[in-house]
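Presented below is the structure to which this report refers.
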Amino acid sequence: NRFAGTFDGQMHEIRGIYLNNHDTTTACHGLFGATDSTAEIKNFYLLDSYFYSVTTQLGSITGNSLDSTFKTIYSDAVVESNTQKVGGFIGATSTSGSVTMVDCWFDGAVTAESGNAYQYGGLVGVVNRVSTFSNCMNTGSIDLTKSTANVLRSGGLVGENSSNANRTTIMNSLQAGDFKYNTDNQEVVNY
């Protein structure tokens, strides 16, 4: 079930979350597996944490978000996968909802373990509906060099905006992290 409430961390630290998912039947992994349209997640630091999954939709905060709001969050988590829809904060936004992200900072690492590096981003792997990001920053690293196939639709802030009809607005935001990929396997990179 999707988290549908308000999580206010009151600027406390959350430390030492460890997720190591090898179950190929489940998707949507993060501090919150998935968030619903009424979810508001805000005001905390996610530190010294690690998230790994062999299935799609992985982020340090949530794997999938439906119409949720994220405010004043810092994460230095390591997020690793060998699949698609992987982001520092959010793996993917839902096709039926938008996301608002304000004053969020990712300072960790997003890494493709192997296979295709498809839809990887510093904040969000793939945005499927109209979303807004303001005053956000990625100073973390995105390392797609272990990919043994194509690097597709990946970027410093957002990996892919899946439809031209669903425009994403990014305001007053910064991509300053390292972005590495193997040029032998590169097909399309959005940086």
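Only heavy atoms go into these numbers, but all of them, side chains included; no hydrogens, no water, no symmetry mates. Numbers here simply count residues along the sequence, with the first being 1.
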* Heavy atoms, side chains only, cut-off 4.5 Å: are Gln175 and Asn138 in contact? -> yes
* Asked: Any link between Met137 and Phe179 through a network of hydrophobic side chains (Ile, Leu, Val, Met, Phe, Trp, Tyr) touching at under 4.5 Å?
  -> no
* When clusters are formed by joining ILVMFWY residues with side-chain heavy atoms under 4.5 Å apart, either directly or through shared neighbours, do Val126 and Val99 land in the same one? -> no
* Asked: Does a donor on one side chain sit under 3.5 Å from an acceptor on the other, for Asp143 and Thr111?
  -> no
* Asked: Is any side-chain heavy atom of Asp178 less than 4.5 Å from a side-chain heavy atom of Ile142?
  -> no
* Asked: Under 3.5 Å, is there a donor-acceptor pair between the Ser53 and Thr55 side chains?
  -> yes
* Taking Ser94 for its side chain and Leu66 for its backbone only, find out whether a donor-acceptor pair lies under 3.5 Å. => no
* Asked: Is the backbone of Cys136 close enough, under 3.5 Å, to the side chain of Ser173 for a donor and an acceptor to pair up by distance?
  -> yes
* Asked: Out of Val127, Thr93, Thr132, which residue meets the side chain to side chain contact (heavy atoms under 4.5 Å, CB included) rule with Thr168?
  -> Val127
* Indicate whether the side chain of Asn21 and that of Tyr52 have a donor and an acceptor atom separated by less than 3.5 Å. => no
* **Polar contact flag, side-chain donor to acceptor under 3.5 angstrom, Asp107-Thr139** => yes
* **Thr6 and Asp8: side chain donor to acceptor below 3.5 Å** => no
* Are any non-hydrogen side-chain atoms of Gln119 and Lys85 less than 4.5 angstrom apart? -> yes
* **Residue pair Gln57 / Asn64, side-chain donor-acceptor N/O under 3.5 Å** => yes
* Answer with yes or no whether the hydrophobic clustering places Met11 together with Leu31; edges join I, L, V, M, F, W, Y residues whose side-chain heavy atoms lie under 4.5 Å apart. => no
* To do: May I ask you to test the Ile73-Ile61 pair for a side-chain heavy-atom distance under 4.5 Å?
  => yes
* Asked: So do Tyr118 and Glu160 actually touch side chain to side chain, heavy atoms under 4.5 Å?
  -> yes
* Note, Tyr74 side chain near Leu47 side chain (heavy atom, < 4.5 Å) -> yes
* **Side-chain donor/acceptor of Arg2 to backbone N/O of Asp36, under 3.5 Å** => no
* **Heavy-atom side-chain proximity of Val54 to His22 below 4.5 angstrom** => yes
* Shortest non-hydrogen separation from Gly88 to Val79 and the atoms involved -> O-CG2, 4.1 Å
* **Tyr45 OH: over 12 foreign heavy atoms closer than 6.0 Å** => no
* Would you kindly confirm whether Phe7 and Phe51 end up in one hydrophobic cluster when ILVMFWY residues are joined by side chain heavy atoms under 4.5 Å apart? => yes
* **Thr25 and Asp23: side chain donor to acceptor below 3.5 Å** => yes
* Examine Phe32 and Phe89 and state if one hydrophobic cluster contains both, with Ile, Leu, Val, Met, Phe, Trp and Tyr joined whenever side-chain heavy atoms are less than 4.5 Å apart. => yes
* To do: Give a yes or no on whether a salt bridge exists between Asp103 and Lys71, defined as a side-chain N under 4.0 angstrom from a carboxylate O.
  => no
* **Side chain proximity check, Leu19 to Leu58, heavy atoms < 4.5 angstrom** => yes
* Asked: Is the backbone N or O of Ser131 less than 3.5 Å from a side-chain atom of Ser98, with the two atoms forming a donor-acceptor pair by type?
  -> no
* To do: For side chain to side chain donor-acceptor pair (under 3.5 Å), just list the numbers for Thr69 and Thr100, CA-CA rounded to whole Å, side-chain angles, deciding distance to a tenth of an Å, and then say yes or no.
  => CA-CA 5 Å; Thr69 301; Thr100 301; 4.7 Å; no
